[in-house]
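Throughout, a chain's letter reflects where its sequence line sits, starting with A, and its residues are numbered from 1.
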There are 2 protein chains.
Amino acid sequence: MTQPPWQPITPAKPTRTPKEPLNRERIVDAAMRVLVESGYDAVSMRKVAQALGTGPASLYAHVANKRELDQLLVERAAAQMRFDEPVDPARWQEQLKAMMREMLRAMRANPGVARAAIGAVPLGERALMSTERMLTLLKAGNIPDQAAAWAVDLIPLYVTAVAFEETVQSATDWKPEDVERFISGLRSYFESLPADRFPLTVALSGVLTSGAAGDERFEFGIAVIVAGLASLAEKN
Amino acid sequence: MTQPPWQPITPAKPTRTPKEPLNRERIVDAAMRVLVESGYDAVSMRKVAQALGTGPASLYAHVANKRELDQLLVERAAAQMRFDEPVDPARWQEQLKAMMREMLRAMRANPGVARAAIGAVPLGERALMSTERMLTLLKAGNIPDQAAAWAVDLIPLYVTAVAFEETVQSATDWKPEDVERFISGLRSYFESLPADRFPLTVALSGVLTSGAAGDERFEFGIAVIVAGLASLAEKN
DNA sequence: ACCTGAACACCGTTCAAGT
DNA sequence: ACCTGAACACCGTTCAAGT
């Protein structure tokens, strides 16, 4: 009505213009959105481009390839890890376990990122801060240098493997009841094995099929790893 | 020349007729061939079908889907593992490590199978024999039942993760010199970090970038895990 | 019962052409 | 310098039609 005629009438797009230029950050944002919403297998160059309202070819001006995009997603997840508690040398084992729990939490919060993390060497600033903190804790525990160096490789590998395993299993889109039926079928199967050839598998069928879900398995794993590391401490 | 005219002349295909019927075994054979020759990413239903001289649709009469084919490949690799040494309770830790080495060897001999193994529950006979043997060794070490049960999950998970990581890295088709350049670049990068924020990363840059290839990392991992398990032994 | 061709709905990546 | 449409060479899976 009162619109001055010399000002062209444009559809109101206040916050974000449609032709906002592409850049790495916007691409990773979009990829992260697809990742969280639809899982790793859905994160294709095409889907990410679509989420940005463009074609796949446009992404290649900012990202070398899918592999590099994966790396950027891993760094995003690493940046979400919080290690705020000051290092307490006396509690190095407990603090190392807390770090592993936090790593798993961040990976779970970004389903699919574990897959991308497996071959990756974490070099972003946040990832380096994690490494430095792990080394600090390990040196607090008198772990020799070379062992500490290998440990900062072993620890993320284990956490990532657990997270990746979970995403593979959840990709089957089984309902909880399906999982339960599978587990109980597994138990019956173990129980039905010939006891002369598989005595322990039969005898332990109960515990073999318990705690498969939940965090007990992970807690066991980090307890074993931290205890194993502690056994390498130099006497002094 | 001396060929009797009433016998039709056919191209000589002595050992294998072209229309030998498809079955699971032939499909897995072909998939294994593709896997070893070209890696996991090349194992597509189409490539496997092509190797059998047919189309992808033909496979679905014998194999439910790609996932099931993966499972069959894992069982093949599990069947190649050899655990011949009789169980010696006094040497349970060393024999457990030997099992882990043999698992890794079999996975490496079938590049790509690790990827397929990650979500899989190993249920073939050979896999069950591995599980039974692991349980025997763990009970020889006085490991409590529930811990032993979780350990037979943790052990293959770790070995598989190492093998998978290797295949991901080898999928980059870097030459050895490229890897070496990357490693030395990494060391320079660690050395160049601000020493006030990353003192240990800087100080340990040497060991952090050594033994990345080779088996030392794996030997470290199995030593940590076995030592951690040993620490859980019941006193008696 | 088993096999097949053709189709459907997808991939990652490249490239010449546009702005 | 950045973006795009179209193409290339692939995927897993389904299905009607053949033998």
Taking the side chain of [X] as heavy atoms from C-beta outward, which of [options] is closest to it?
| X | options | result |
| --- | --- | --- |
| B:P21 | C:dT13, D:dT13, C:dC3 | C:dC3 |
| A:A57 | D:dT13, D:dA6, C:dG12 | D:dA6 |
| A:K66 | C:dA6, C:dT13, D:dG12 | C:dT13 |
| B:A61 | D:dG12, C:dA6, C:dC3 | C:dC3 |
| A:S44 | C:dT4, C:dC11, C:dT13 | C:dC11 |
| A:K47 | C:dC11, C:dT4, C:dC3 | C:dC11 |

Euclidean distance, atom [atom1] of residue [X] to atom [atom2] of [N] [Å, nearest integer]:
| X | N | atom1 | atom2 | answer |
| --- | --- | --- | --- | --- |
| A:R24 | D:dC2 | CZ | C1' | 15 Å |
| A:M45 | C:dC10 | CE | P | 18 Å |
| B:R46 | C:dC10 | CZ | P | 15 Å |
| B:D41 | D:dC11 | CG | P | 10 Å |

Q. Looking at A:R217 and A:E166, does any basic side-chain N land under 4.0 Å from a carboxylate oxygen?
A.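 No, A:R217 and A:E166 are not salt-bridged.
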Look at the side-chain N and O atoms of B:S58 and state whether any lies under 4.0 Å from the OP1 or OP2 oxygen of C:dT4.
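For C:dT4, OP1 or OP2 has a side-chain N or O of B:S58 closer than 4.0 Å.
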Where each residue is assigned the nucleotide of DNA chain C containing its nearest heavy atom, which of B:P56 and A:A42 is assigned the position nearer the 5′ end?
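Mapping each residue to its closest nucleotide by heavy atoms, the 5'-most match is B:P56.
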What I want to check is whether the side chains of A:S210 and A:E216 have a donor and an acceptor closer together than 3.5 Å.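 No, no side-chain donor-acceptor contact under 3.5 Å.
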Does the plane of the ring in B:F220 sit parallel, tilted or perpendicular to the ring in A:W150? Use 30° and 60° as the thresholds.
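Tilted, since the angle between the ring planes falls between 30° and 60°.
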